[in-house]
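Just below is one structure, and these are the notes that go with it.
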Amino acid sequence: MKRNRDPLALSPHWHVDCRIEADLPEDNIVGTRFLINVVFTAVALVALLYTGWLGYVNLNLRHQIRDWELRINENRAEVRDIQRMQQEYAAEAAKIDQAHALVSPELFVSDLFANIGRTRPEQMAIDLIEWSDAGVVVRGSVAEKSERATRLLGGYVEQLRRDDKIAPLFREISLTDVGRGAAGDTLRFEIIFRLKNPRS
């Protein structure tokens, strides 16, 4: 029969437990301090890499700015030459425009003659067309009696004022002189076409 051991009895290999468990290192596989150190190290490493990237971008940008400023300074003389040539071209173009304005006709004579001939009544004969800076003067005669000739001329002037090809070219179209011819069987007339922008 086995003898029951007294739990309060001392064994031959006893010792006093002097461990202070609060000061003992942790016995976990991965300690809490290690995890905290890893997290803070990662954050510091990311911040360091980000700062390095910002420094690289800033340095690269400064280098590009310096290169472009160097190119601008190298090409400054060429830019001045181009600006000077542009000013000269603008001055020459203004001279050409001014010469064109002086030389170019207000209207084409051949078109005006064709349109006057197109609108002329059969009873009307045109003897003379004069051109001046103020406008055009048309002189001629109508082989009709006085009253009928006057109505015919008035209707013709109104027709000219409404004509799409003649009226836009002139400021005023008016019948200025009507009188009997030397033979007495014709009525002499004068129609003035005043230009919109007469040359001084």
Side-chain angles (χ1 to χ4, degrees), residues 17-119 129-138 158-174 191-200:
D17 188 4
C18 295
R19 292 181 303 171
I20 304 173
E21 292 186 6
D23 292 338
L24 289 176
E26 296 179 17
D27 57 354
N28 297 338
I29 296 176
V30 178
T32 306
R33 282 186 186 172
F34 177 77
L35 290 177
I36 291 172
N37 289 338
V38 166
V39 169
F40 279 106
T41 303
V43 169
L45 187 61
V46 168
L48 185 65
L49 289 175
Y50 183 68
T51 305
W53 170 253
L54 287 181
Y56 169 74
V57 169
N58 188 19
L59 187 65
N60 189 21
L61 189 60
R62 286 173 186 261
H63 182 69
Q64 289 180 5
I65 290 172
R66 190 172 60 248
D67 286 346
W68 281 110
E69 286 178 348
L70 185 63
R71 288 185 184 182
I72 289 170
N73 290 331
E74 287 174 354
N75 297 327
R76 199 174 299 275
E78 293 178 14
V79 170
R80 277 196 302 269
D81 290 341
I82 291 171
Q83 289 174 344
R84 182 183 49 77
M85 284 190 290
Q86 285 177 340
Q87 291 174 351
E88 291 175 0
Y89 288 148
E92 293 299 321
K95 290 178 185 176
I96 291 171
D97 291 340
Q98 187 177 12
H100 181 267
L102 291 173
V103 173
S104 66
E106 293 288 326
L107 53 92
F108 293 102
V109 178
S110 58
D111 288 346
L112 178 63
F113 289 176
N115 288 321
I116 289 174
R118 174 180 55 84
T119 57
I129 299 178
E130 289 182 344
W131 182 285
S132 69
D133 290 339
V136 179
V137 177
V138 176
E158 286 300 320
Q159 180 184 354
L160 291 173
R161 289 174 183 159
R162 290 191 308 269
D163 191 83
D164 293 339
K165 295 184 178 178
I166 296 176
L169 303 174
F170 299 99
R171 176 173 45 92
E172 181 185 357
I173 302 172
S174 58
I191 301 174
I192 294 183
F193 298 76
R194 288 188 173 84
L195 293 172
K196 288 186 175 179
N197 298 312
R199 294 175 184 166
S200 54

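Given the structure is predicted, the values throughout are model-derived calculations rather than measurements. Numbering starts at 1 and runs along the sequence shown.
Asp81 is linked by a side chain to side chain donor-acceptor pair (under 3.5 Å) to nothing, counting only residues two or more places apart in sequence or in another chain. Residues meeting the side chain to side chain donor-acceptor pair (under 3.5 Å) test with Arg66, sequence neighbours left out: His63. Residues passing the side chain to side chain donor-acceptor pair (under 3.5 Å) test with Arg161, sequence neighbours excluded: Glu158. For the salt bridge (Lys or Arg N to Asp or Glu O under 4.0 Å) test, residues two or more places apart in sequence or in another chain that qualify with Glu92 are Lys95. By the side-chain contact (heavy atoms from CB on, under 4.5 Å) test, Asn37 pairs with no residue at all, sequence neighbours left out. Ile82 pairs by the side-chain contact (heavy atoms from CB on, under 4.5 Å) definition with Met85, Gln86, not counting sequence neighbours. Residues satisfying the salt bridge (Lys or Arg N to Asp or Glu O under 4.0 Å) test with Arg118, not counting sequence neighbours, are Asp163. The side chain to side chain donor-acceptor pair (under 3.5 Å) check on Glu74 picks up nothing, with sequence neighbours excluded.
Ile129 pairs with exactly one of Leu112, Val137, Val136, Ile191 by the side chain to side chain contact (heavy atoms under 4.5 Å, CB included) rule, that one being Val136.
The minimum heavy-atom distance between Lys165 and Leu169, with the atom names listed, is O-CD1, 3.5 Å. Across all their heavy atoms, Gly135 and Leu195 have their closest contact at CA-CG, 3.7 Å.
Taking OG1 from Thr119 and CG from Leu160, the interatomic distance works out to 4.5 Å, rounded to the nearest 0.5 Å. Between the OG1 atom of Thr41 and the CG atom of Leu48 there is a distance of 12.0 Å, given to the nearest 0.5 Å. Taking CD1 of Ile65 as the reference point, atom CG of Asn60 lies at 10.0 Å (rounded to 0.5 Å).
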For this session: Apply side chain to side chain contact (heavy atoms under 4.5 Å, CB included) to the pair Arg76 and Arg80, showing each step before the final yes or no.
Result: CA-CA 6 Å; Arg76 199 174 299 275; Arg80 277 196 302 269; 3.5 Å; yes
Exercise. When you look at Ile116 and Phe193, which way does the side chain to side chain contact (heavy atoms under 4.5 Å, CB included) test go after all the steps?
Worked result: CA-CA 11 Å; Ile116 289 174; Phe193 298 76; 4.2 Å; yes
Below 3.5 Å, can you tabulate the donor-acceptor pairs from side chains in residues 51-58 to any protein atom, sequence neighbours excluded?
residue: Thr51; atom: OG1; partner: Ala47; partner atom: O; Å: 2.7
residue: Asn58; atom: OD1; partner: Arg62; partner atom: NE; Å: 3.3

